[in-house]
Amino acid sequence: LLAIGVVHKVVHSYLFRRKGTYYFRWKIPAELVPVFDLIEIRKSLYTTCKMEATVRASQLLSEVRAINQARGAYAANELDQRGYMEALDERVRVIKEMTKSKSLMKLITVNLPGGFEAKIDYGGDLEKETLAAARLVEREGNETSLATRGDTHFMFSKLFDQFLSHKVQKKALSQNMVEDYARSYEAIVEIMGDLPVATIKRRDLKNALESCADLPKRNLKPYKGKTVKELLEMDIPDEHRISGKTVDNIKKVLQGVFSYAVQEEILQDSPARDLKLNLPKDNTYAAFADSEVAKILQACYEERKVWKKWIVMLAAYTGGRRGELVQLRKQDIKFDEESNRHYILITDKAGSVKTGNAIRQVPIHRTLIKAGFLDFVTASEDKLFPNLKPNAVTNWFARKREKLAITALDDYENRKVFHSFRHSVITKAQAAKNPTTHVQQVVGHEKNSNGVTDRYTHTLPLKDVLSVIDDIDYGEWLNQT
């Protein structure tokens with residue numbers, strides 16, 4: 001069953017035309033890419049008529065909306081993880097079936113002004129049904145095509161467009177402020193996704209704003225001209241990240257958007273009202289306590305999606321950067337005869353690395369071996385985590401940490417995020433009194449300068465730096481799973 005015409009204008013944002021034929025295209029949110037094993041959904045609508053394309057695309061869009069509703073319900077704790085995955089699995093199945101088939105759905109229902117609906121059925125003749133629905137939408141005009149205020153189909157992108165138009169018409173924004181608002185919107189939507197307004201919860205906004213704190217200052221040379229998506233996939237040094245004040249300004253934009261939604265009776269209450277972030281002034285990362293790491297590892301060991309299990313274990317036992325881990329290939333897992341140990345080769349041949357020092361050998365910890373990492377590698381084809389994006393890891397982990405009731409800040413107001421695993425590994429290695437140069441080599445930091453001696457000092461063999469990794473110990477959590 002299909003509700004058509006309710007979001008006529010929104011549907012158009014999912015359409016594009018190639019050689020006269022209309023196509024539906026949906027950019028899959030980063031955290032759902034591993035579920036679909038695709039970056040986007042693209043489907044020919046087999047028509048050169050925009051109105052017919054709108055009707056056909058609406059059938060796919062209804063499934064996309066169902067996914068966004070499930071995401072919103074899960075974020076609001078209205079769905080547990082099992083229910084969420086079941087909802088996703090069903091929608092993914094339907095979307096994949098629809099994109100493989102030339103026909104879409106056979107019964108069309110058009111929502112009309114005043115709460116009426118018209119069902120169109122020509123005995124399964126899709127062409128007649130589609131044409132009749134298109135003519136009806138066209139005849140009924142704008143009322144049929146506009147979203148109903150407060151319903152679950154009114155998307156954040158539409159709300160933001162209305163809000164920005166409202167501010168511009170009131171001449172309340174300068175051109176510079178319009179550009180600032182647009183940058184804030186770009187960041188929030190890339191991180192949070194374009195969710196139905198009615199499903200957005202305070203936690204969604206808080207998690208998105210905390211992820212914004214990982215973005216760099218855009219006026220610095222390495223980041224100029226890059227999209228938010230590209231920036232989120234980079235490892236940003238602490239000193240390059242935006243200030244807490246900038247994040248606070250993005251929060252104020254969101255508060256303005258949702259205040260407008262309440263004013264226009266789109267929402268009854270604002271999820272951004274009295275939103276507190278408590279970001280530290282210097283915005284630095286914390287290391288996890290051993291008990292926190294053990295708790296996370298135990299929980300992730302049972303995850304249905306294997307990438308969630310292994311990406312966390314690798315971070316906890318290698319200190320690897322998020323971007324380095326998601327791009328690992330099967331061929332990057334090697335064996336060293338001299339030390340009789342397996343190791344991971346972090347290399348720019350797998351993808352981008354932060355610096356030349358980031359190219360390195362990392363011994364594989366005995367716990368990873370015991371947990372079956374080498375079997376996982378053997379079963380992989382090429383990429384260990386195909387289609388997994390760094391930002392998907394960040395967003396998922398923020399929700400996981402909160403669900404496990406692990407505080408967002410330590411006693412010194414440093415943030416606990418996925419990157420905190422790297423801080424934990426380095427802290428442990430230093431506490432175990434490993435030579436600093438050994439630690440720097442294994443984690444990919446620039447080595448301290450020793451003057452002319454550096455000319456004669458080469459990369460240490462793997463056997464000499466094993467203790468940097470072997471000294472990592474989070475207790476016997478694996479035996480308790």
Side-chain angles (χ1 to χ4, degrees), residues 3-17 22 24-30 40 50-51 53-54 57-58 60-62 64-65 67-69 71-72 111 113 137 141-201 204-205 208-209 212 215 218 227-229 249-273 275:
I4 186 70
V6 179
V7 282
H8 185 192
K9 291 182 179 179
V10 174
V11 171
H12 289 174
S13 66
Y14 289 84
L15 297 181
F16 75 99
R17 190 161 59 172
Y22 280 95
F24 175 89
R25 177 165 57 197
W26 174 47
K27 179 184 172 186
I28 297 172
E40 69 175 22
K50 189 171 186 179
M51 189 60 69
T54 299
S58 295
L60 282 160
L61 184 57
S62 67
V64 171
R65 285 199 191 114
I67 287 174
N68 284 334
Q69 288 173 22
R71 290 172 67 206
N111 289 340
V137 171
N142 289 337
E143 286 188 77
T144 310
S145 66
L146 292 175
T148 304
R149 286 179 177 176
D151 70 17
T152 55
H153 303 316
F154 195 87
M155 309 302 285
F156 178 72
S157 56
K158 187 174 183 67
L159 172 62
F160 186 85
D161 285 344
Q162 289 187 6
F163 165 74
L164 200 57
S165 297
H166 168 73
K167 297 288 279 186
V168 170
Q169 286 170 9
K170 287 182 63 179
K171 298 183 179 179
L173 295 178
S174 66
Q175 184 58 38
N176 285 341
M177 290 180 71
V178 170
E179 291 173 3
D180 285 344
Y181 274 44
R183 280 192 290 269
S184 297
Y185 166 79
E186 181 192 5
I188 291 295
V189 168
E190 184 62 48
I191 294 166
M192 181 179 72
D194 188 12
L195 298 174
V197 172
T199 68
I200 295 175
K201 305 298 181 185
D204 297 321
L205 300 180
L209 287 166
C212 282
L215 291 170
R218 304 287 283 274
T227 64
V228 172
K229 181 180 179 181
N249 287 339
I250 299 174
K251 181 185 78 172
K252 289 175 182 177
V253 171
L254 284 175
Q255 288 174 326
V257 170
F258 285 100
S259 177
Y260 167 81
V262 173
Q263 175 188 320
E264 294 296 307
E265 298 181 356
I266 296 168
L267 291 175
Q268 290 184 343
D269 193 21
S270 166
R273 182 167 54 87
L275 185 62

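What you see is a predicted model, and the numbers here were worked out from it, not measured in a lab. In what follows, residues are counted from 1 in the order of the sequence shown.
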- Note on the structure: Across all chains, not counting sequence neighbours, the side-chain hydrogen bond (donor to acceptor under 3.5 Å, both in side chains) partners of Glu40 are Arg42
- Message: Just verifying a value: how many Å separate Phe156 CZ and Ile188 CD1, rounded to the nearest 0.5 Å?
- Response: 7.0 Å
- Message: Using 0.5 Å steps for rounding, measure from the CG atom of Leu254 to the CD1 atom of Ile200.
- Response: 8.5 Å
- Query: In chain order, what residues pass the side-chain hydrogen bond (donor to acceptor under 3.5 Å, both in side chains) check against Asp194, with sequence neighbours excluded?
  - Reply: Ser157
- Item | Under 3.5 Å donor-acceptor, Asp204 side chain and Lys201 backbone | yes
- Message: Assess the residue pair Ile266 and Gln162 against the criterion (side chain to side chain contact (heavy atoms under 4.5 Å, CB included)); give the C-alpha distance rounded to whole Å, side-chain angles, the decisive distance to 0.1 Å, and a yes or no.
- Response: CA-CA 11 Å; Ile266 296 168; Gln162 289 187 6; 4.0 Å; yes
- Evaluate the side-chain proximity of Val64 to Phe24: yes if any heavy-atom separation is below 4.5 Å, no if none is. yes
- Task: Measure the OG-CE distance between Ser184 and Met177 for me, rounded to the nearest 0.5 Å.
- Result: 10.5 Å
- Item | Partners passing side chain to side chain contact (heavy atoms under 4.5 Å, CB included) against Arg183 (at least two apart in sequence or in another chain) | Glu179, Asp180
- Message: Checking Arg218 now: which residues fulfil side-chain hydrogen bond (donor to acceptor under 3.5 Å, both in side chains) with it, not counting sequence neighbours?
- Response: none
- Looking only at heavy atoms, the pair that brings Asn68 and Met155 closest together is ND2-CE, 3.5 Å
- Task: Look up atom CG in Leu159 and atom OH in Tyr185, then write down how far apart they are to the nearest 0.5 Å.
- Result: 10.0 Å
- Message: Between Val257 and Leu164, is there a side-chain heavy-atom distance shorter than 4.5 Å?
- Response: no
- Task: Kindly write out the residues that satisfy side-chain hydrogen bond (donor to acceptor under 3.5 Å, both in side chains) with Lys167, not counting sequence neighbours, or none if the list is empty.
- Result: none
- Out of Phe160, Tyr260, Tyr181, which one pairs with His166 under the ring-ring contact (aromatic ring centres under 6.0 Å, His included) rule? Tyr260
- Query: Among all residues two or more places apart in sequence or in another chain, which pass the side chain to side chain contact (heavy atoms under 4.5 Å, CB included) test with Ala272?
  - Reply: Leu205, Gln255, Phe258, Ser270
